[in-house]
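The structure presented is a predicted model; accordingly, all values stated were derived computationally and were not measured.
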Amino acid sequence: MDKKTLAGLGLAFAGLLGLVFATGGGGGSERLPAEPIVLASLGGPSVTWSSCAAAKCLTVYVAPWCGVCRASTGFLKVFVSAMERAGVPSRVVVGLGAPDAVAEYARDFGPAALLDPGGKVPLAGGVPQFIVTSSDGRILKRQPGVPRIIEPPVPEEDVRGLASHLGLM
């Protein structure tokens with residue numbers, strides 16, 4: 001093969017990888033870490049993040065320094081609440097920041113918010129990040145980012161659309 005063909009193949013491969021990451025990749029082959037990840041909740045008791053008692057669980061990971069996370073807080077709260085009502089155990093993890101900043105931002109999500117200032121939860125891509133896990137320890141889907149900034153009141157079709165994209169409905 002000549003250099004031009006190899007360069008074209010390289011660009012095509014890089015583009016394909018970009019597409020996989022941009023669409024959340026997620027073939028379900030990635031496993032959660034073998035060692036349990038224990039996080040404190042804002043309300044007090046520690047929770048094992050890596051456990052999922054249902055067929056699918058949702059984690060929404062945000063960071064206090066993330067402008068998109070902050071702008072999406074209202075939407076994320078509505079989405080997590082809707083998933084809980086639909087029977088999908090859901091949690092918000094606030095991390096990747098100074099402990100005080102993490103705890104302050106976690107207050108926006110309530111006492112069940114989990115704190116991960118040291119970044120124990122494995123991420124692939126940016127934040128906010130949606131992580132769908134299974135009861136057998138697989139990561140079924142990852143989706144960094146939000147479809148768009150949505151201010152409450154959040155249209156039901158936006159909730160259903162994201163839930164469908166994540167394979168939750």
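Checked by atom type and distance alone, the side chain of Ser50 pairs as donor or acceptor with a backbone atom of Ile37 at under 3.5 Å. Remark: the backbone N or O of Thr48 is paired with a side-chain donor or acceptor of Ser51 at under 3.5 angstrom. Ser41 places a side-chain N or O within donor-acceptor distance of the main-chain N or O of Gly44, the cut-off being under 3.5 Å. A donor-acceptor pair under 3.5 Å is absent between the side-chain atoms of Asp116 and the main chain of Val94, judged by distance alone. When atom types are taken as modelled, the side chain of Arg31 and the backbone of Asp136 share a donor-acceptor pair closer than 3.5 angstrom. Not one N or O on the side chain of Lys56 forms a donor-acceptor pair closer than 3.5 Å with the backbone of Met169. Between the Gln129 side chain and the Val60 main chain, no donor and acceptor come within less than 3.5 Å of each other. Counting only distance, with no hydrogens or angles, the side chain of Trp65 and the backbone of Leu96 share a donor-acceptor pair below 3.5 Å.
Between Asp108 and Lys77 there is no salt bridge, since none of the side-chain N atoms of the basic residue sits less than 4.0 Å from a carboxylate O of the acidic one.
Smallest separation of non-hydrogen atoms from Pro64 and Ala101: CB-O, 3.6 Å. Heavy-atom minimum distance, Gly126 versus Pro144: O-CB, 3.6 Å. Residues Pro155 and Ile150 come closest through the heavy atom pair CD-CG2, 3.9 Å. Here the shortest heavy-atom pairing between Leu140 and Ala55 reads CD1-O, 4.4 Å. Ile149 and Ala71 get closest at one heavy-atom pair: CG2-O, 3.7 Å. Listed here is the closest heavy atom pair of Pro122 and Trp49: CD-CZ3, 3.9 Å.
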Might you work through the side chain to side chain contact (heavy atoms under 4.5 Å, CB included) test for Val38 and Val47, ending with a clear yes or no? CA-CA 6 Å; Val38 178; Val47 173; over 6 Å; no
Given side-chain hydrogen bond (donor to acceptor under 3.5 Å, both in side chains), test Ser164 with Arg160 step by step and report yes or no. CA-CA 6 Å; Ser164 176; Arg160 282 194 310 269; over 6 Å; no
Side chain to side chain contact (heavy atoms under 4.5 Å, CB included), that's the test. Do Val78 and Asp158 meet it? Break it down for me. CA-CA 10 Å; Val78 168; Asp158 287 315; over 6 Å; no
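When side chains are defined from C-beta on, Leu42 does not count as touching Phe109, because their heavy atoms never get closer than 4.5 Å. Looking at heavy atoms from C-beta onward, Tyr61 lies out of side-chain contact with Val92 at the 4.5 angstrom threshold. Looking at heavy atoms from C-beta onward, Phe79 lies in side-chain contact with Leu166 at the 4.5 angstrom threshold. Side-chain contact check for Ile139 versus Val132: every heavy-atom pair is 4.5 Å or farther apart. In this structure, the side chains of Pro89 and Leu58 stay at 4.5 Å or more apart for every pair of heavy atoms. You'll find the side chain of Ser90 stays beyond 4.5 Å of the side chain of Cys57, heavy atoms only. By the 4.5 Å heavy-atom criterion applied to side chains, Leu76 and Val62 are counted as neighbours. Looking only at side-chain heavy atoms (C-beta outward), Arg138 and Leu32 stay at 4.5 Å or farther from each other.
Interatomic distance, OG1 of Thr59 versus CZ of Arg142, reported as 10.0 Å (0.5 Å rounding). For the atom pair CD of Glu151 and OG of Ser72, the computed distance is 8.5 Å after rounding to the nearest 0.5 Å. Distance check: Glu30 CD to Ile131 CD1 gives 8.5 Å after rounding to the nearest 0.5 Å. Note: Met83 CE to Arg91 CZ = 15.0 Å, rounded to the nearest 0.5 Å.
Both tests hold for Arg70 against Tyr105: distance to the six-membered ring centre under 6.0 Å, angle to the ring axis within 45°.
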